[in-house]
Amino acid sequence: MRLLVIEDDMDVASYLIKGLQESGNSVEHASDGRDGLFLANTETYDAIIVDRMLPKLDGLDIVKSIRATGKSTPILVLSALAEVSDRVEGLRAGGDDYLTKPFAFSELLARLDAIIRRATNTSSSDTQTVLRIADLELNLLNHIAYRSGKNIELQPREFRLLEYLMQHMGQVVTRMMLLEHVWDYHFDPQTNVIDVHISRLRNKIDKGFEKPLLHTVRGAGYIIREPLDEA
């Protein structure tokens, strides 16, 4: 995912950028409101994280300006202002979610995932029938997978697992997310069912190919992403 972080506190900005990049995202940063609005209006992002109180231009004014242009890019507002009236003001300005400081990075990732997912579900991508990442292709109509033109035979559960991962490509997917959306469990059965299926899927889509696409993020979950360029 390509993300824009508009944050003037360099400690917070560094923390966000590091965490988001480690989660497989491409991140651009603006340290004041004016530069942030310029990037938001001239570049394309999958989501924007904007601090509310910024030099040169207030965060909510940025949100309002973005919405005034007709852009529907998901926006997560960050702020130390935690009153209900503050959160309501942020949402009414056009923010998709409002997270108060201090925050847990895992919660920020979950909220970011939620607003991007909502935007995806309400966009024309609903009609998408083929998912692609690098040389991997998944046909949702024919239930056929290919990598570098080679047919990959998947069992029904493996197909659902790969489909969900590719729908969230570039994002860390937690075990609980997989249990809920692939296995329809709303609790952790305390089994290794996910590990077994991830291992089988990895053998099918990565084994024998030069660069792996499916990765384990220790302590967090799994991510399918474009191969990283080696220096």
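Hydrogens, waters and symmetry mates play no part in the numbers below; they use all other heavy atoms, side chains included. Quick caveat, the model's predicted, so the values are computed rather than measured. We number each residue from 1, following the sequence as shown.
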Any Thr216 side-chain heavy atom under 4.5 Å of Ile223 side chain: no

Are Ile17 and Val12 in one and the same hydrophobic cluster, where Ile, Leu, Val, Met, Phe, Trp and Tyr link if side-chain heavy atoms are under 4.5 Å apart? yes

Keeping the roles fixed (side chain from Arg202, backbone from His197), state whether a donor-acceptor pair exists under 3.5 Å. no

Please check if Val50 and Met1 belong to a single hydrophobic cluster, counting links between Ile, Leu, Val, Met, Phe, Trp and Tyr side chain heavy atoms closer than 4.5 Å. no

Would you check, one step at a time, whether the test side-chain hydrogen bond (donor to acceptor under 3.5 Å, both in side chains) holds for Ser31 with Asp8? CA-CA 4 Å; Ser31 58; Asp8 64 313; over 6 Å; no

dist Phe105:CZ -> Ser23:OG (nearest 0.5 Å) comes out at 4.5 Å

Between Asp96 (side chain only) and Ile75 (backbone N and O only), is there a donor and an acceptor less than 3.5 Å apart? yes

Flag side-chain contact, heavy atom, 4.5 Å: Thr100 against Leu78: no

Holding to side-chain contact (heavy atoms from CB on, under 4.5 Å), I want the full list of residues that pass it with Asp11, two or more places apart in sequence or in another chain. Asp9

Quick one: which residue pairs count as a side-chain hydrogen bond (donor to acceptor under 3.5 Å, both in side chains) with a foot in residues 81-95, not counting sequence neighbours? Arg52-Glu89

Arg34 atom CZ, neighbour heavy-atom count above 12 within 6.0 Å: no

Mind checking whether Leu16 and Tyr98 sit in one hydrophobic cluster, side chains of I, L, V, M, F, W, Y counted as touching below 4.5 Å? no

List, by chain and number, the other hydrophobic cluster members for Tyr146, where Ile, Leu, Val, Met, Phe, Trp and Tyr join if side-chain heavy atoms come within less than 4.5 Å, directly or indirectly. Ile144

Looking only at non-hydrogen atoms, find the nearest pair between Leu138 and Ala145 and report the distance. CD1-CB, 3.7 Å

In this structure, CD1 of Ile152 is separated from CG of Leu201 (nearest 0.5 Å) by 8.5 Å

Would you say the side chain of Tyr222 lies within less than 4.5 Å of the side chain of Met177, judging by non-hydrogen atoms? no

Can you tell whether the side chains of Asp51 and Lys101 come within less than 4.0 Å, N to carboxylate O? yes

Answer whether the closest heavy-atom distance between the side chains of Leu4 and Glu43 falls below 4.5 Å. no

I want to check something: taking the side chain as every heavy atom from C-beta on, are Leu20 and Leu112 in contact at a cut-off of under 4.5 Å? yes

In terms of side-chain geometry, is the basic nitrogen of Glu180 or Arg175 positioned less than 4.0 Å from the acidic oxygen of its partner? no

Tell me, do Arg132 and Leu136 make a side-chain contact under 4.5 Å, heavy atoms counted? no

Decide salt bridge (charged side-chain N to carboxylate O under 4.0 Å, His left out) for Asp184 and Arg160; before the verdict, give the C-alpha distance in whole Å, the side-chain angles of both, and the deciding distance to 0.1 Å. CA-CA 11 Å; Asp184 296 320; Arg160 288 183 62 189; 3.8 Å; yes

In the structure I gave you, are the side-chain heavy atoms of Arg147 and Lys204 within less than 4.5 Å of one another anywhere? no

Parallel, tilted or perpendicular: rings of His143 and Phe159 (30°, 60°): parallel

Answer yes if Ile66 and Leu3 sit in the same cluster of Ile, Leu, Val, Met, Phe, Trp and Tyr residues linked by side chain heavy atoms under 4.5 Å apart, and no otherwise. no

Could you grab the distance from atom CZ of Arg111 to atom CG of Leu99, nearest 0.5 Å is fine? 5.0 Å

Kindly assign one of parallel, tilted or perpendicular to the pair Tyr164 and His181, based on the angle between their ring planes and the thresholds 30° and 60°. parallel

Value rounded to 0.5 Å, distance of CD1 in Ile194 from CE in Met176: 8.5 Å

Any side-chain heavy atom of Ile224 sitting closer than 4.5 Å to one from Gln171? no

Atom OH of Tyr15 and atom CG of Leu108: how far apart are they, to the nearest 0.5 Å? 8.0 Å

His215 side chain vs Arg225 backbone, donor-acceptor pair below 3.5 Å: no

Distance, nearest 0.5 Å, that separates NE2 of His168 from CD of Glu163: 10.5 Å

Does Ile115 share a hydrophobic cluster with Leu60, counting links as ILVMFWY side-chain heavy atoms below 4.5 Å and allowing steps through other members? no

